[in-house]
Amino acid sequence: MSEKSAIVVGAGIGGLTAALCIARAGLSVTLLERASIVREVGAGLQISPNASRVLIDLGLGNPLHSDAVAVERLRICSARTGGELNRIEFGTRAMPRYGSPYWVVHRADLQDALHQAAQREPRIDIHLGATLTAVDQNDTGASATVNIGGHEETFRADLLVGADGVWSSVRKLGLSLPGAAFTGRTAWRAIVPASEIPADFLRDSVVWFGDGVHLVHYPIHAGNEFNLVAIVNDDWNEEGWNAEGDREVLLSRFAGWPDRVRNLLSLPETWLKWALCGMPTGSPWYSGRVALLGDSAHAMLPFMAQGAAMAIEDGAVLGDLLSRSDDVENVLKRYQGLRRKRVERVIATALKNDRIYHLRGFPAAARDTALQLIPSERLLSRFDWIYGWQPPRPAAA
Ligand SMILES: Cc1cc2nc3c(=O)[nH]c(=O)nc-3n(C[C@H](O)[C@H](O)[C@H](O)COP(=O)(O)OP(=O)(O)OC[C@H]3O[C@@H](n4cnc5c(N)ncnc54)[C@H](O)[C@@H]3O)c2cc1C
């Protein structure tokens with residue numbers, strides 16, 4: 001096979017993972033990123049075993065081992081009673097079952113580890129401060145034109161991967177597809193020092209259900225920091241898609257919640273709130289030699305904590321297919337065939353969770369009772385189809 005090349009637009013978690021997997025497949029990669037430094041928002045991320053095993057395969061086990069926290073359990077709690085409804089023992093059950101850890105990480109730690117791995121990879125050429133302005137393709141290749149420091153530059157390769165997130169330009173310029181839509185939910189995120197947090201919250205990932213709102217929290221950054229994400233049914237009247245959130249407004253949405261939870265919500269000085277958006281499902285993920293990956297293909301509600309995990313899986317599958325075939329258009333067709341159904345099942349499950357998490361009144365009480373009765377083992381086995389996913393092994397193996 002002759003040496004092939006790829007352009008990846010976007011150096012988020014999806015783009016960096018894809019660049020590493022494609023380089024592993026033997027292609028040279030041009031990675032184009034709009035930001036002048038690679039940096040993630042200050043927030044946490046849950047990385048389930050289906051994604052952590054891809055990262056470990058890429059050699060990131062060691063750097064992430066010191067920053068990520070392998071949570072011991074997921075605790076499901078009720079704001080109505082203040083008590084725990086059920087728990088999944090990730091430490092003792094998930095690791096032996098799936099063979100890979102359930103991590104919670106600071107996004108910046110994961111992004112740094114991926115970026116450093118990409119910088120070490122001789123086949124990857126990274127251009128920062130490069131904003132995509134045009135996409136083109138013909139029978140032999142694809143091209144990306146970017147604005148770098150006021151000058152236009154065009155890069156050519158055998159294929160182009162748009163990993164440029166929920167407001168993807170590749171989606172618009174390369175595939176002429178409609179973009180993301182607001183879902184009527186906002187996510188409020190904050191990080192506080194772990195020293196301010198009660199000890200019984202420091203080893204676990206915890207989700208609290210309440211009326212029209214829910215809260216997720218977990219430790220990050222080697223356990224030194226604590227991540228809070230509150231999701232509320234909301235309007236969006238701000239300019240842009242994130243804005244500083246008023247703590248008093250957030251607390252008013254959690255009125256009547258147990259004091260120990262309201263105390264947590266009172267800790268952060270500042271909250272950042274985000275409009276949650278979803279991509280329409282059913283649309284193509286590629287056209288000719290241009291493909292979408294990660295949020296640009298399938299931005300979803302975060303109620304399965306799988307958006308980044310699916311982006312990471314996308315990269316592993318695309319890299320594997322490219323390692324096996326020179327026929328780019330056929331590879332992209334197979335990539336869509338292997339990925340879209342699974343991802344759309346995850347999206348549908350996240351939408352179902354949206355309804356379940358935010359129930360009110362009697363249906364909420366019925367949900368809580370049902371959750372108390374389900375054996376914890378069965379709760380975990382419901383996730384087997386997601387967490388038990390295995391990355392394809394390289395052709396030569
Ligand atoms: C509140 C919340 C909680 C979440 N929790 C989880 C979780 O626990 N687990 C999980 O797996 N997922 C979670 N997700 C989802 C996850 O954050 C996303 O799915 C993931 O970050 C998407 O990565 P990406 O690389 O596709 O896109 P992005 O991270 O958005 O990266 C896109 C990159 O493209 C660049 N770019 C954009 N436009 C251009 C352009 N024109 N030219 C050049 N570069 C460009 C951007 O600068 C950026 O670096 C959560 C999401 C939210 C909102």
Side-chain angles (χ1 to χ4, degrees), residues 7-19 30-41 43-48 50-52 54-55 71 74 102-107 110-111 114-115 126-135 144-148 155 161-174 179-180 183 185-190 205 207 214-218 220 227-232 241-242 272-279 292-315 343 346-347 350 386:
I7 296 165
V8 176
V9 182
I13 289 160
L16 284 163
T17 307
T30 303
L31 180 55
L32 303 170
E33 166 56 47
R34 177 174 58 189
S36 49
I37 45 172
V38 172
R39 185 175 50 195
E40 254 288 359
V41 292
L45 199 60
Q46 308 191 50
I47 294 292
S48 50
N50 47 315
S52 69
V54 174
L55 299 173
V71 281
L74 169 68
Y102 195 109
W103 278 331
V104 285
V105 295
H106 194 301
R107 283 169 184 260
L110 175 56
Q111 182 107 350
L114 285 164
H115 184 214
I126 306 176
H127 297 260
L128 300 180
T131 302
L132 185 81
T133 56
V135 172
T145 302
V146 288
N147 184 312
I148 306 182
F155 297 87
V161 180
D164 51 344
V166 67
W167 306 116
S168 170
S169 301
V170 175
R171 187 177 175 90
K172 196 162 59 187
L173 300 171
T183 59
R185 313 276 179 271
T186 55
W188 297 57
R189 293 160 152 177
S205 185
V207 55
H214 78 274
L215 173 71
V216 179
H217 55 74
Y218 46 82
I220 53 171
N227 182 67
L228 292 153
V229 190
I231 311 256
V232 303
W241 295 100
N242 63 67
L272 255 194
K273 63 175 180 168
W274 299 73
L276 293 181
C277 297
M279 222 43 115
L292 302 174
L293 179 146
D295 274 10
S296 72
H298 49 67
M300 63 183 82
L301 281 169
F303 299 168
M304 283 300 294
Q306 283 295 313
M310 289 298 119
I312 290 167
E313 286 188 10
D314 291 346
V343 173
V346 172
I347 293 173
I386 299 182

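In listed order, ligands and their atoms are each counted from 1.
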Enquirer: Tell me which part of Ala305 gets within contact of ligand 1: side chain, backbone, both or neither, using heavy atoms under 4.0 Å.
Expert: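 Within the 4.0 Å criterion, Ala305 contacts ligand 1 through backbone and side-chain atoms alike.
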Enquirer: At what distance is the nearest protein heavy atom to atom 36 (N) of ligand 1, and which residue and atom is it?
Expert: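 Its nearest protein heavy-atom neighbour is Asp164 CB, 3.8 Å.
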Enquirer: Is any N or O atom of Ala187, backbone or side chain, closer than 3.5 Å to an N or O atom of ligand 1?
Expert: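 N/O-N/O distance below 3.5 Å does not exist for this pair.
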Enquirer: Return a yes/no value for Leu132: is any of its N or O atoms, backbone included, closer than 3.5 angstrom to an N or O of ligand 1?
Expert: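 So ligand 1 has an N or O lying under 3.5 Å from an N or O of Leu132.
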Enquirer: Tell me which one of Arg34, Arg185, Gln46, Gln111 gets a heavy atom nearest to atom 9 (N) of ligand 1.
Expert: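 Ranked by closest heavy atom to atom 9 (N) of ligand 1, first place is Gln46.
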Enquirer: What do you reckon, does Met300 put a non-hydrogen atom under 4.0 Å from ligand 1?
Expert: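 Met300: no contact with ligand 1 (<4.0 Å).
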Enquirer: With nothing but distance in play, are any N or O atoms of Leu45 less than 3.5 Å from an N or O of ligand 1?
Expert: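 No: no nitrogen or oxygen of Leu45 is under 3.5 Å from one in ligand 1.
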Enquirer: For atom 47 (O) of ligand 1, grab the closest protein heavy atom and report residue, atom and distance to one decimal in Å.
Expert: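 In this structure, atom 47 (O) of ligand 1 has Glu33 OE2, 2.6 Å as its nearest protein heavy atom.
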Enquirer: Please report whether ligand 1 has a polar contact with Arg189, defined as an N or O pair separated by less than 3.5 Å (distance criterion only).
Expert: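 Checking ligand 1 against Arg189, no N or O pair falls under 3.5 Å apart.
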Enquirer: Counting each atom of ligand 1 from 1 as listed, which ones have a heavy atom of Ile13 under 4.0 Å away?
Expert: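 Atoms satisfying the 4.0 Å criterion: 25 (O).
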Enquirer: ring-ring contact (aromatic ring centres under 6.0 Å, His included) with Tyr218: which residues, sequence neighbours excluded?
Expert: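 Residues passing ring-ring contact (aromatic ring centres under 6.0 Å, His included) with Tyr218: none at all.
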Enquirer: Any idea which protein heavy atom is nearest atom 31 (O) of ligand 1, and the distance to it?
Expert: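 Scanning the protein heavy atoms, the shortest distance from atom 31 (O) of ligand 1 goes to Gly12 CA, 3.5 Å.
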Enquirer: Using a heavy-atom cut-off of under 4.0 Å, does the side chain or the backbone of Val9 touch ligand 1, or both, or neither?
Expert: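 It is the side chain that touches ligand 1; the backbone stays farther off.
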Enquirer: Name the option, out of Ala51, Gly165, Ala43, that contains the heavy atom nearest to atom 28 (P) of ligand 1.
Expert: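 It is Gly165 whose heavy atom sits nearest to atom 28 (P) of ligand 1.
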Enquirer: Considering Ala163, Gly10, Ala350, Ala130 one by one, which has a heavy atom nearer to atom 32 (C) of ligand 1 than any of the others?
Expert: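 Nearest heavy atom to atom 32 (C) of ligand 1 lies in Ala163.
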Enquirer: Considering residues at least two apart in sequence or located in another chain, which fulfil the ring-ring contact (aromatic ring centres under 6.0 Å, His included) criterion with His115?
Expert: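 Counting only residues at least two positions away or on another chain, His115 forms no ring-ring contact (aromatic ring centres under 6.0 Å, His included).
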